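Let me begin by presenting the structure, written as structure tokens, before commenting on it.
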Amino acid sequence: MLDPVLYVDQLSKTYSSLIAVNKISFEVNRGEVFGLLGPNGAGKTTTIRMLMDIIAPDSGTALVLGQKPGAMRHRIGYLPEERGLYRGLKVRETLVYLGQLKGMDKKEAEKKSDEWLARVDLKDWGKNKIQELSRGMQQKVQLIASVLHDPDLIILDEPFQGLDPVNVEAVRSIIRGLRDAGKTVVLSAHEMSQVEVLCERIALINHGQIVLYGNLKEIKKQFAPNAIEIAPPLSFEGWGEVLRAEVIDGKQKVYLTESATPRDLLKKIFERGMMIDRFEMATASLDEIFVKVVKGDTHE
């Protein structure tokens, strides 16, 4: 039987007439990367704040590491959506101070700070003030602050917000390292394409309600279109089994009629002497799946 690190059952929160979170239920298992996904304003941050005991739910149950929210705060690493570092302090002293607030002694905090700064290529910036760092560097420092005390559960609210592609990949690498070390990571994000490569399971939220929940591979399989991806692009004008074809980033996505199969298309390509380097089943992105679910259209 799985031992959930997070257990949420019928959790709700209302602000005046706004239902921010509406009876949501999900579990996060030990050692997994779990995606709490959805557009801005969907209720993700409100959910996280209830789990962190920053705000109280109106109803429902939540257990964090087997205890009520707030009881195990010392075993949690939290990167809030609203960033906040002491801009006038130096990087290393900031991390050491925050580590001590999490129960670390000074020597341990200094050692771990140095190790993490070296790991994210900020070793030479430890004596600089926070305000002298780029936005991406500050983001990495704040991420270090959330994991410095070696927590069992790490909750990251919009960890890629405002980052360039290089720093997005750097943060992804850190998250993969945490997963490989056996940590449980919860990622909250509205740009789903940035996190779907990391998550094993997800809960997709819209207007305070969970609209999709479960294993990401199974969800993508469920919503996979009757389509294939090929390269290089070919012309399918007049082909009865092809509904439409589109080219994105040099790859062509070919949508087939309901009765056609990829094997039929491949056979016809070879019969006509057309050359291809790549031919594989197409998958739907989380963004595409979300749009389908919200519109109530689950068929291509």
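Quick caveat: nothing in here was measured; it's all calculated off a predicted structure. Computed over heavy atoms, backbone and side chain alike; hydrogens, waters and symmetry mates excluded.
Ionic pairing of E237 and R244 is not present here: no N-O contact between side-chain nitrogen and carboxylate oxygen is shorter than 4.0 angstrom.
The side-chain hydrogen bond (donor to acceptor under 3.5 Å, both in side chains) test applied to Q142 returns no partner, not counting sequence neighbours. In this view, K112 satisfies the side-chain hydrogen bond (donor to acceptor under 3.5 Å, both in side chains) rule with no residue, not counting sequence neighbours. Under the side-chain contact (heavy atoms from CB on, under 4.5 Å) criterion, R75 pairs with L65, M72, D152, sequence neighbours left out. Every residue was checked against the side-chain hydrogen bond (donor to acceptor under 3.5 Å, both in side chains) condition with Q100, not counting sequence neighbours, and none meets it. For Q131, there are no side-chain hydrogen bond (donor to acceptor under 3.5 Å, both in side chains) partners at least two apart in sequence or on another chain.
Summarising the local packing, NZ of K102 is surrounded by more than 12 heavy atoms from other residues, nucleotides or ligands at distances under 6.0 Å.
The salt bridge (Lys or Arg N to Asp or Glu O under 4.0 Å) contacts involving residues 46-58 comprise K13-D58, R49-E82, D53-R73, where partners must be two or more places apart or lie in separate chains. The salt bridge (Lys or Arg N to Asp or Glu O under 4.0 Å) pairs that include a residue from residues 130-139 number zero, where partners must be two or more places apart or lie in different chains. Under the ring-ring contact (aromatic ring centres under 6.0 Å, His included) criterion, the residue pairs touching residues 14-52 are F26-F34, with sequence neighbours excluded.
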What pairs of donor and acceptor atoms, side-chain ones from residues 206-213 against any protein atom, are under 3.5 angstrom apart with sequence neighbours left out?
unit_1 : atom_1 : unit_2 : atom_2 : d
Y213   : OH     : E27    : N      : 3.0
Y213   : OH     : E27    : O      : 3.4
Y213   : OH     : R201   : NH1    : 3.3

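Hydrophobic clustering, defined by side-chain heavy atoms of Ile, Leu, Val, Met, Phe, Trp and Tyr closer than 4.5 Å, groups Y7 together with L63. Under the 4.5 angstrom side-chain criterion for Ile, Leu, Val, Met, Phe, Trp and Tyr, the cluster partners of L256 are I228, I230, L234, F236, W239, V242, V254, L265, L266, I269, F270, M274, I276, F279, M281. Clustering of Ile, Leu, Val, Met, Phe, Trp and Tyr side chains at separations under 4.5 Å leaves V166 isolated, with no partner residue.
Checked against L286 for a side-chain contact (heavy atoms from CB on, under 4.5 Å), the options V195, I202, V291 give a single hit: I202.
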